[in-house]
Number of protein chains: 2
Amino acid sequence: MATIKDVARQAGVSVTTVSRVLNETAPVNEKTKKNVLKVIEELRYSPSMMAQGMRTKKSKTLGIIIPDYINSFYYELFKDLEDAARKHGYNILVTSIGEGTQDKTAYLSDLVNRNVDGLVVCTYQGDKASIEYLLKLAETLPVVFIDHLNLDKPVNTVYTDGYAGIKKIVQHLYQLGHREMAYITSIPRYKVNNDRYQGFADALREYGLPLRPELVYEGNYHIESGYEAARHFFTAAPVRPTAIVSATDLMAIGAINYLKSMGLKIPEDVAVTGFDDIHMSRWISPPVTTCRQPLAAMAEQAVELFLHRSRHPHAKVKRIIFEGELMIRRSTDPAKEEFVQV
Amino acid sequence: MATIKDVARQAGVSVTTVSRVLNETAPVNEKTKKNVLKVIEELRYSPSMMAQGMRTKKSKTLGIIIPDYINSFYYELFKDLEDAARKHGYNILVTSIGEGTQDKTAYLSDLVNRNVDGLVVCTYQGDKASIEYLLKLAETLPVVFIDHLNLDKPVNTVYTDGYAGIKKIVQHLYQLGHREMAYITSIPRYKVNNDRYQGFADALREYGLPLRPELVYEGNYHIESGYEAARHFFTAAPVRPTAIVSATDLMAIGAINYLKSMGLKIPEDVAVTGFDDIHMSRWISPPVTTCRQPLAAMAEQAVELFLHRSRHPHAKVKRIIFEGELMIRRSTDPAKEEFVQV
DNA sequence: CTGAAAGCGCTAACAC
DNA sequence: GTGTTAGCGCTTTCAG
C-alpha cells in the first residue's frame, strides 16, 4: 500500500502538495498537479481512510441500526440506504439490534467509537437506557430515525404516513362491502404501530363501524404472530371478521396461511391486507393488498437529512413524511389476477 | 470524547500505562490498574478505533460483499455473519455488488482503504477485472468465499454441498415415482450452480433417466425467472415434467406461481423443489421442499477461517463443505401438512 | 503556489 | 512496573 509520502517522493513534491491535489484544498500549479495525479495512478495510491479520519474526525461511514429479526423489509431498506449513502461517498456499518440483544448501549457506543459520522436508526427496538443514550448521542451526532419511536424529544425522522395509509386500506375494504374488520398490531411501543392502529380506529369510527376489542390482536412483527392472530379471530372472537387488516405484510402472510389451512377462500370468505409492500407480497397466493412505502425515496431523504445535519450541526430538526401507495391485489379484490403477470 | 491522555492525566500515570491496562500488553501494578480503570469508567473513555487502527493496521472490521438483488437468503446469511463476527469483536462493513454495479473494483478497493481486516465474499457476481483484483487481494488479506466462483486458484471457501444436496432431492423425487424432472439453473458462471446442476445430471443418469435439454432452463436467481422457467416447460417443451427441481428457493417460488396460475395442483400434478431453505419457503403455499444450508454454522466457520488466516498469514487454504439437509414439505409430498403448524 | 513542521490518539520499543 | 519517545498517514497552520 503506497502512502502519501511515496507519492510525494516519486513526484518530487511535498506531501502537502499531494494532499492539496487530492482534496483541492488550495490551488496547485496545473503541471505539478498533472504529474502528481500521474504518480498517484502509477502507484495505485489511495488515501488511508483511517489516517484521514484520525485527522479530520470524519470517517465517511454511516452507521445503520436494523432490527434483528427476519423481515426482508429491512433488507430492502438497507440496500436503498447503502445506495443512497454510497452516492455521497459514504460506506455503511450495519449493526442489528433486537429485543433479545444483550447490551444494546454497548453496540451503539461501539459504533460511535468507530467514528461513524452519523446514524440511521430503522425502527429501533431498544430499552430505556439505550434510547436515552441514543437521544443524547443525537445532540452531537447526526441521527436520523426511520419509523421511529414514540418520543417527546424532536428528532430527525423519515417515515411513511401509516395513519393515512391504513385509512386508505380501510376505505378500500369498506367500498368492497366489508363491515367487520379485524386488526393485527405490531408492537405497541412503536409510534409507527400506533399511527397505523389509530388510522384503523379512526377510519372505523368515520364509517360508523364498531371497533371490537376482540378483533384487535397484538402481534409482534413475526409471521407466526399473524398466523396466531387469525386463529384468534376465528376461534376465540365472538364475531367473525370479513377482513383482516394487518400492520405489516409479514403478519398478513401469516394470517393468510392460517385462513387457507382452515379452507377459507381469500378474498371471498375473508379479505386480508398488509403494509410495507415487501417484494414477496406479490408472490404469495393470493398476492397481498398492501400499502407501499417508497423505500428508495425514504432512504435518500434519510441520507440527505444526515448530510444536512453533518454540515449544519444546529440545523432544525426535520420530520419528513411520505405518503404510502395503496397496492390493490387479489387478497382483497377478486377481480384482480390471482397470479403475477411476468 | 475523552482521550487516552485525559485518562492518563486524571489518573496521574503515563499514557503508556493506560494503554497497558487497556490491552493487557504488560503487567501493571494492581493498585494503579484499579485506579486507571476507575478513571476510564468516570470519563466514559473508550479508545478511538481510528487511532488504534492507524497504529496497529487493524480495524477490527470485516468487509462483507453480498449480491445486490433481493434474496432474503443473503439477509439471513448476513445476519449470521454479523453475529459470528461480533462474537470476536469485529464489526461489519457491507457492500453489495451485483451484475449491474458499475465499477466493482472501486467498491472493493474502497473497502480495502477502509482497512477492513478481511473480506467475506458471498456468491460474488463480479467481472473478470474485479475477480482478478479480489484474488490478488487474497494474497495479502484474509478473504473467505461463501458459495464461491469457479476458480483455479485455491481460496478459502465455505459452502454447502450442492452436488450431494440436489442428489438427495432427486432421490426423494424418484422415490415418489417421478421420472420426468425439469431443472432450473441459476447463473452458469458460478461454481455453486454448476455443482448443483451436476448433481442433478448425475442423479438422473444413476436412475437411468434421460436428461432432456428442453427440460433445463437457465434462470438468473430472480423469482421471475423461475416463473418463466415453468412457463417454458409447460408451453415450449415437448415433454411435460412431473417435477421441477430448482437451483434456488426463490426460483422455485416463481415456478410455483406459474403452475398455480395454470390451475395445476402441486404436488399432485407437478412437484417442485428449491434449495437454500429461506425462511419464506415454509410460508409459501404449498410449503417448499428444499435443501437447507446450515447458515449459522457456515457463517461461524467463515469467520473462524478469516480469524485463522489473520493470525497465520501463511496458513494453508481451507475448503469447508457442509452437508445440506433435505426438508420435505408439501410441494413434493402430498402426505405432509399443507400449512405450517405454529 | 509550495514546503516544513506540528499534531490527531494511539502503540511499541527502549530506557530506567 | 513505569515513563519517554518516536511514529503510523494524513491535514493544516504558518512561512516563504
Side-chain angles (χ1 to χ4, degrees), chain A residues 1-37 39-40 43-61 89 109-110 112-117 140 310, chain B residues 1-40 43-61 89 109-117 140 310:
Chain A
M1 280 281 90
T3 77
I4 197 171
K5 259 191 191 160
D6 300 325
V7 177
R9 192 178 321 117
Q10 184 89 1
V13 295
S14 73
V15 293
T16 318
T17 303
V18 178
S19 171
R20 289 211 256 256
V21 341
L22 233 41
N23 304 305
E24 301 184 319
T25 177
V28 175
N29 180 292
E30 265 310 311
K31 258 171 82 179
T32 46
K33 188 184 207 162
K34 279 246 163 59
N35 184 235
V36 168
L37 252 17
V39 175
I40 286 177
L43 265 46
R44 301 177 131 277
Y45 165 74
S46 116
S48 149
M49 304 291 309
M50 304 227 86
Q52 247 171 214
M54 160 122 225
R55 277 294 319 215
T56 61
K57 302 292 162 212
K58 293 270 168 255
S59 62
K60 284 287 190 178
T61 299
S109 66
D110 192 33
V112 176
N113 295 337
R114 290 185 131 79
N115 282 294
V116 294
D117 295 340
T140 57
S310 304
Chain B
M1 281 282 91
T3 78
I4 197 172
K5 258 190 190 162
D6 300 326
V7 177
R9 193 178 324 117
Q10 184 90 359
V13 296
S14 74
V15 292
T16 315
T17 304
V18 178
S19 172
R20 289 211 256 256
V21 341
L22 235 40
N23 304 307
E24 300 183 321
T25 176
V28 174
N29 179 293
E30 265 310 310
K31 257 170 83 179
T32 47
K33 187 185 208 160
K34 277 246 163 61
N35 185 235
V36 168
L37 253 18
K38 207 188 80 210
V39 175
I40 286 178
L43 266 44
R44 301 177 128 281
Y45 165 76
S46 116
S48 149
M49 305 288 310
M50 303 226 86
Q52 247 171 219
M54 159 121 228
R55 276 296 322 212
T56 61
K57 305 289 162 218
K58 295 267 167 258
S59 62
K60 283 289 191 176
T61 300
S109 67
D110 192 34
L111 239 28
V112 176
N113 294 336
R114 290 186 131 77
N115 283 293
V116 294
D117 295 339
T140 56
S310 308

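So you know, we letter chains A, B, ... as the sequences are listed, proteins then strands, and number each from 1.
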Which heavy atom in [X] sits nearest to a heavy atom in [Y], and how many Å separate them?
{"X": "B/Tyr45", "Y": "B/Leu22", "result": "CE2-CD2, 3.6 Å"}
{"X": "B/Gln52", "Y": "B/Pro47", "result": "OE1-CB, 3.1 Å"}
{"X": "A/Lys57", "Y": "A/Asp117", "result": "O-OD1, 4.2 Å"}
{"X": "B/Gly89", "Y": "A/Arg114", "result": "O-NH2, 4.3 Å"}
{"X": "A/Arg20", "Y": "A/Val28", "result": "CB-CG2, 3.8 Å"}
{"X": "A/Ala8", "Y": "A/Ser14", "result": "CB-C, 3.7 Å"}

Rounded to whole Å, please give me the gap between [atom1] in [X] and [atom2] in [N].
{"X": "A/Met50", "N": "C/dG7", "atom1": "CE", "atom2": "P", "answer": "23 Å"}
{"X": "B/Lys57", "N": "C/dT11", "atom1": "NZ", "atom2": "C1'", "answer": "11 Å"}
{"X": "A/Lys5", "N": "D/dG7", "atom1": "NZ", "atom2": "P", "answer": "8 Å"}
{"X": "B/Leu22", "N": "C/dG9", "atom1": "CG", "atom2": "P", "answer": "15 Å"}
{"X": "B/Asn115", "N": "C/dC10", "atom1": "CG", "atom2": "C1'", "answer": "15 Å"}
{"X": "B/Asn23", "N": "C/dG9", "atom1": "CG", "atom2": "P", "answer": "17 Å"}
{"X": "B/Tyr45", "N": "C/dG9", "atom1": "OH", "atom2": "P", "answer": "10 Å"}
{"X": "A/Met54", "N": "C/dT11", "atom1": "CE", "atom2": "C1'", "answer": "11 Å"}

Side chain A/Arg55 and base C/dG7 donor-acceptor under 3.5 Å: yes
Any A/Gln52 side-chain nitrogen or oxygen under 4.0 Å from OP1 or OP2 of D/dG9: no
Short side-chain N/O contact from A/Ser19 to OP1 or OP2 of D/dT11, under 4.0 Å: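 Yes, within the criterion.
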Flag side-chain contact, heavy atom, 4.5 Å: A/Asn115 against A/Thr61: no
Give me, pair by pair, the N or O atoms of the protein and of nucleotides 1-5 of chain C that are less than 3.5 Å apart, along with how far apart they are.
{"unit_1": "C/dT2", "atom_1": "OP1", "unit_2": "A/Thr32", "atom_2": "OG1", "d": "3.3"}
{"unit_1": "C/dT2", "atom_1": "OP2", "unit_2": "A/Asn29", "atom_2": "N", "d": "2.8"}
{"unit_1": "C/dT2", "atom_1": "OP2", "unit_2": "A/Thr32", "atom_2": "OG1", "d": "3.4"}
{"unit_1": "C/dG3", "atom_1": "OP2", "unit_2": "A/Ser14", "atom_2": "N", "d": "3.2"}
{"unit_1": "C/dG3", "atom_1": "OP2", "unit_2": "A/Ser14", "atom_2": "OG", "d": "3.3"}
{"unit_1": "C/dG3", "atom_1": "OP2", "unit_2": "A/Thr17", "atom_2": "OG1", "d": "2.6"}
{"unit_1": "C/dG3", "atom_1": "N7", "unit_2": "A/Arg20", "atom_2": "NH2", "d": "2.9"}
{"unit_1": "C/dG3", "atom_1": "O6", "unit_2": "A/Arg20", "atom_2": "NH1", "d": "3.3"}
{"unit_1": "C/dG3", "atom_1": "O6", "unit_2": "A/Arg20", "atom_2": "NH2", "d": "3.1"}
{"unit_1": "C/dA4", "atom_1": "N6", "unit_2": "A/Thr16", "atom_2": "OG1", "d": "3.0"}

